[in-house]
Amino acid sequence: MKKNEITILGAGLIGTLMAIYLKRQGLEVSVYDKRPDKRQKPYDEGGRSINMALSHRGWKALEEVGLKDKVLPIAIPMYGRKIHDEHGGTSFIPYGKVNQAIYSISRGKFNQLLAEEGERLGVNFNFEHKCVNVDFRNQEITFETEQGESKIIASAIIGADGAYSALRMSMQKQIRFNYKQEYISHGYKELTIPATAEGEFAMDPNALHIWPRGKFMLIALPNPDKSFTCTLFLPFEGTKVCFEKINDDQDLESVFKTYFDDAYQLMPDLKTEFFKNPTAALINVECYPWVQGTSILLGDASHAMVPFYGQGMNCGFEDCSILNGLIDKLGTNSWSLVFEKFQKKRKPDTDAICQLAMENFVEMRDSVSDPKFIIRMKIEAKLHELYPNDWIPLYSMVTFSDMGYAEAYAQGKLQETIMNRVMADPLITENWNKLDYEDIIYKMETSKAV
Ligand SMILES: Cc1cc2nc3c(=O)[nH]c(=O)nc-3n(C[C@H](O)[C@H](O)[C@H](O)COP(=O)(O)OP(=O)(O)OC[C@H]3O[C@@H](n4cnc5c(N)ncnc54)[C@H](O)[C@@H]3O)c2cc1C
């Protein structure tokens, strides 16, 4: 039977980036994926997110492997949220300081760039190999292939095989494995705003567009071909506006004309796309331990989160960077030691970002349209400008820093309590510019000490 040094299950974004890190460590790496090689057999992603927001943690990892400059040309900066109200009016809320941006990037192109870099470094890719079982006693992996079943043995196995991980399924059959999954009430569907007849972007390309409507929302991210990929988030059923109640062109037109009319005017293929594209579910997965002997889960396989903080991929890239740092420190003589240290260090942070992602859904679909929210953001931005080390808005801690997610979560909760008190002033809309900012910082520091 073939024996590999390190086997990675999953050639998605996280599996390929981890393969690059390991190859740069001088290790032999083989990657297996159930899907075909897209370059040889192009296939439809089946409604999976076409583009994503790449932010600081992701860029940091890309810089570590020398890929930042190769990725920049395929990424579009988005400096803030462009909020569309129900009457077609828009307002802009910056994400951070001037020039701080998150970047829209196409999943397919990005994955391909990483795979090509992996190949260039000598990673051994094997497509159309579906992992169906892992025997931890013998470190033996069983694959289903077109030619039938095949087995390999690996010194170390990294499961980067996504939210429905096969490695995790095998771990679930072991004793004392904790596992929790939750589908939220909302699903999503991808739609398109194409380039205009003149071949230009139909809206501002340097913003993430949001149509917040309380219990549901539409968002749009720009693509290099000057189109936008829109994602419609609706409850599956049970509310006035939900997927279950949109059954024909008339239902669809009525929802879009009522709630998203400005977007509707820019979507000539809406009706075809809506009924052709799948409605996908959103899942949160938490489990522990991630390690079984010399096998480990990474990325979505260990912590799939809902997409509302734009951190799933960024967090997975940070996983790769942290694991690589531990290999630097501890060497490769004991994979079980490296993996053990990794899971202990990382788990509190991934729990925190899973929780933050859930909480941010309310902010995106509802709070951003509240004028008080905008004032709150302005006060926080001012605090950050005056006291850059003492007050960092939660969004910035998560998106523009590499502070541990758990620390960001705790600090964010503290700041939220202080801000709730500030915002309770009935005259805050008029007075926000005249606040005693030093006193706010003092209150925050003293409540920290309590
Ligand atoms: C709507 C939506 C929007 C999102 N937006 C953002 C965003 O803006 N920013 C962000 O950071 N994140 C975002 N995410 C999250 C991001 O997509 C994921 O966190 C990221 O793709 C995880 O990468 P992964 O490599 O761990 O898993 P995946 O991308 O799922 O890759 C897993 C790979 O494993 C393979 N595989 C699966 N099972 C097997 C098997 N049995 N055998 C062999 N191979 C297998 C699959 O074919 C696949 O190639 C979004 C997610 C969604 C759903």
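The basis for the numbers below is simple: all heavy atoms, side chains too, and nothing from hydrogens, waters or symmetry mates. We count ligands from 1, going down the list as the structure has it; atoms in each ligand are counted the same way.
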Say whether [X], considering both its backbone and side-chain N or O atoms, lies within less than 3.5 Å of an N or O atom on ligand 1.
X	result
K34	yes
A53	yes
M313	yes
N51	no
C131	yes
A166	no
T231	no
D300	yes
A301	no
R107	yes

For ligand 1, which atoms have a heavy atom of [X] less than 4.0 angstrom away?
X	result
G10	33 (C), 34 (O), 35 (C)
L13	25 (O)
G312	10 (C), 11 (O), 12 (N), 15 (C), 19 (O)
H129	42 (N), 43 (C)
A160	32 (C), 33 (C), 34 (O)
G12	25 (O), 31 (O), 33 (C), 49 (O)

Fill in: R168 side-chain N/O to C287 backbone N/O, donor-acceptor pair under 3.5 Å
no

Worksheet item: Testing K60, R346, K345 for salt bridge (Lys or Arg N to Asp or Glu O under 4.0 Å) with E318, which one passes?
Response: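 When K60, R346, K345 are each tested with E318, the salt bridge (Lys or Arg N to Asp or Glu O under 4.0 Å) holds only for R346.
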
Item to complete: Carefully, step by step, assess Y21 and E64 under the rule side chain to side chain donor-acceptor pair (under 3.5 Å).
Response: CA-CA 9 Å; Y21 268 113; E64 282 174 1; 2.5 Å; yes

Discussion item. Once you measure the plane-to-plane angle for W290 and Y288, does it fall in the parallel (<30°), tilted (30-60°) or perpendicular (>60°) bin?
Written reply: perpendicular

Worksheet item: Do F228 and H209 pass the ring-ring contact (aromatic ring centres under 6.0 Å, His included) test, and can you show the C-alpha distance, the side-chain angles, and the key distance before you say yes or no?
Response: CA-CA 9 Å; F228 285 84; H209 294 259; 5.4 Å; yes

With distance as the sole criterion, is a donor-acceptor pair present between the side chains of [X] and [Y] under 3.5 Å?
X	Y	answer
Q25	N324	yes
W211	D262	yes
N126	D33	no

Response to the item:
Between F256 and the options D251, I246, L191, the side-chain contact (heavy atoms from CB on, under 4.5 Å) test singles out L191

Worksheet item: Considering only heavy atoms from C-beta outward, does the side chain of P307 approach that of F233 to under 4.5 Å?
Response: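 Yes, at least one pair of side-chain atoms sits under 4.5 Å.
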
Worksheet entry | Rounded distance (nearest 0.5 Å) linking atom CG of D261 with atom NE2 of H84 |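 So the gap between those two atoms works out to 12.5 Å.
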
Item to complete: Begin from the C-alpha positions of T16 and E117 and carry the test side chain to side chain donor-acceptor pair (under 3.5 Å) through to its verdict.
Response: CA-CA 9 Å; T16 13; E117 178 69 8; over 6 Å; no

Using a 4.0 Å heavy-atom threshold (strictly under), name the region of [X] that reaches ligand 1: side chain, backbone, both or neither.
X	result
M305	neither
A280	neither
Y188	side chain

Fill in: Option of least heavy-atom distance to atom 52 (C) of ligand 1 (set: S55, A163, P307)
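That would be P307.
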
